Peer 1: 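Please find one structure pasted underneath; my questions will follow.
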Amino acid sequence: DQQVKQNSPSLSVQEGRISILNCDYTNSMFDYFLWYKKYPAEGPTFLISISSIKDKNEDGRFTVFLNKSAKHLSLHIVPSQPGDSAVYFCAADSSTSGTYKYIFGTGTRLKVLA
Amino acid sequence: DTGVSQDPRHKITKRGQNVTFRCDPISEHNRLYWYRQTLGQGPEFLTYFQNEAQLEKSRLLSDRFSAERPKGSFSTLEIQRTEQGDSAMYLCASSSPAAGDPNRPTDTQYFGPGTRLTVL
């Protein structure tokens, strides 16, 4: 059972436009969500996170939105740059589960076209 | 702070051989994690250490896999009698406990570059 889903395997966006990456989850115990960026042959790099007490968190060009009722989060990148081309993973955790393992989605490959 | 490091970055081995990977976490982090990532998938949790204690193991971690963190600093992951299905990227991450910040109810894990294992 996939608890974290990224239903779009790939996305292409023109440079300067907005990139929107989506993530859905099923476990209502999740209360911390993260986005990681991964380049080929490298480990995931932490980008931005959001706690379930908030519905929006911003860091520069990156904004994460959380809709708890829909169990949905999204990552907005504005403006998109060619260097943003990578695979983006959504991850979720529960602070009350007693475990510390992240559950990852399958990733969305973003290609920003110059 | 040099981040999480892993060694080797690449390992090619023949089926049936044993392999060992090393992870050096961020120095002040007392929590260390191993994940495995296969093509087209996100990272999957394998095991977790707090200091030297291994506190959780996934059912993905068969009897051929063993992980240690003897002094609560670096960790090793050994795979015995490797099989072709073990081919994957093995990722290590580390974290320090969330300091009661409601904006971070649990740890933020920082990943190393990974070890790419190919079993022929």
Side-chain angles (χ1 to χ4, degrees), chain A residues 1-10 21 23 25 29-59 64 66 86-109, chain B residues 3-6 9-10 21 23 25-26 29-50 53-61 89-116 118:
Chain A
D1 176 32
Q2 191 98 26
Q3 296 186 67
V4 177
K5 299 176 185 177
Q6 293 177 257
N7 291 318
S8 298
S10 64
L21 296 95
C23 178
Y25 63 96
M29 298 295 292
F30 289 148
D31 58 0
Y32 189 49
F33 304 89
L34 309 95
W35 284 94
Y36 286 84
K37 178 168 76 172
K38 188 178 184 301
Y39 293 118
E42 294 185 12
T45 302
F46 171 69
L47 256 183
I48 191 169
S49 62
I50 187 166
S51 162
S52 60
I53 64 170
K54 302 180 85 169
D55 53 21
K56 177 182 172 181
N57 190 26
E58 246 178 297
D59 184 0
V64 55
L66 176 62
V87 179
Y88 289 78
F89 290 98
C90 167
D93 193 9
S94 165
S95 63
T96 57
S97 67
T99 70
Y100 294 92
K101 59 184 178 187
Y102 286 176
I103 306 298
F104 283 84
T106 52
T108 296
R109 181 177 301 278
Chain B
V4 179
S5 61
Q6 292 187 246
R9 294 291 307 274
H10 304 275
F21 310 140
C23 170
I26 294 170
H29 287 182
N30 65 343
R31 291 177 176 161
L32 186 146
Y33 315 79
W34 285 97
Y35 288 80
R36 181 174 71 184
Q37 185 178 17
T38 53
L39 200 61
Q41 300 297 316
E44 295 175 289
F45 172 81
L46 292 178
T47 189
Y48 151 67
F49 289 85
Q50 178 151 313
Q54 187 174 20
L55 297 185
E56 188 172 354
K57 291 197 293 188
S58 163
R59 65 180 186 277
L60 291 175
L61 216 65
M89 174 79 88
Y90 289 84
L91 295 163
C92 176
S94 70
S95 72
S96 59
D101 178 355
N103 289 309
R104 296 202 174 197
T106 183
D107 301 4
T108 298
Q109 298 177 20
Y110 295 90
F111 284 81
T115 294
R116 165 76 62 191
T118 302

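Chain identifiers are assigned alphabetically (A, B, ...) following the order of the sequence lines, protein sequences preceding nucleic acid strands; residue numbering begins at 1 within each chain. Because the structure is predicted, anything quoted here is derived from the model rather than measured.
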Peer 1: Hey, are the side chains of A:Phe104 and B:Tyr35 touching, using non-hydrogen atoms and a 4.5 Å cut-off?
Peer 2: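 Yes, side chains in contact.
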Peer 1: Between chain A and each of B:Gly42, B:Ser58, B:Gly112, count heavy-atom pairs under 4.5 Å; write down the option with the most.
Peer 2: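 Answer, by heavy-atom pair count under 4.5 Å with chain A: B:Gly42.
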Peer 1: Using 30° and 60° as the class boundaries, would you call the ring planes of A:Tyr100 and B:Tyr48 parallel, tilted or perpendicular?
Peer 2: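 If you compare the ring of A:Tyr100 with that of B:Tyr48, the planes turn out tilted.
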Peer 1: Say you draw a straight line from NZ of A:Lys101 to CD of B:Gln109; how long is it, rounded to the nearest 0.5 Å?
Peer 2: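 Answer for the NZ-CD pair, A:Lys101 versus B:Gln109, is 12.0 Å.
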Peer 1: For the OG atom of B:Ser95 and the OH atom of A:Tyr102, what is their distance to the nearest 0.5 Å?
Peer 2: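 The distance works out to 6.5 Å.
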Peer 1: Can you measure from CZ (A:Phe89) to CZ (B:Phe111) and round to the nearest 0.5 angstrom?
Peer 2: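 Spacing of CZ (A:Phe89) from CZ (B:Phe111) equals 10.0 Å.
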Peer 1: Report which part of B:Thr108 has an atom under 4.5 Å of a heavy atom belonging to chain A: side chain, backbone, both, or neither.
Peer 2: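 B:Thr108 touches chain A through backbone and side-chain heavy atoms alike.
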Peer 1: Write out all pairs satisfying side chain to side chain donor-acceptor pair (under 3.5 Å) with one or both partners inside residues 38-47 of chain A, taking only residues at least two apart or from two chains.
Peer 2: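 Listed by first then second residue: A:Lys37-A:Tyr39.
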Peer 1: Does any heavy atom of chain B fall under 4.5 Å from the side chain of A:Ala41, the backbone, both, or neither of them?
Peer 2: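 The backbone, not the side chain.
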Peer 1: Of the backbone (N, CA, C, O) and the side chain (C-beta and beyond), which part of B:Gln37 lies under 4.5 Å from a heavy atom of chain A, both, or neither?
Peer 2: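 Contact with chain A is through the side chain of B:Gln37 alone.
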Peer 1: Could you have a look at B:Arg9, B:Arg116, B:Gln41, B:Arg31 and say which one has the most heavy-atom pairs with chain A under 4.5 angstrom?
Peer 2: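 Of B:Arg9, B:Arg116, B:Gln41, B:Arg31, B:Arg31 has the most heavy-atom pairs under 4.5 Å with chain A.
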Peer 1: Does any backbone or side-chain atom of B:Glu56 lie under 4.5 Å from a heavy atom of chain A? Answer side chain, backbone, both or neither.
Peer 2: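 For B:Glu56, the contact with chain A is made by the side chain alone.
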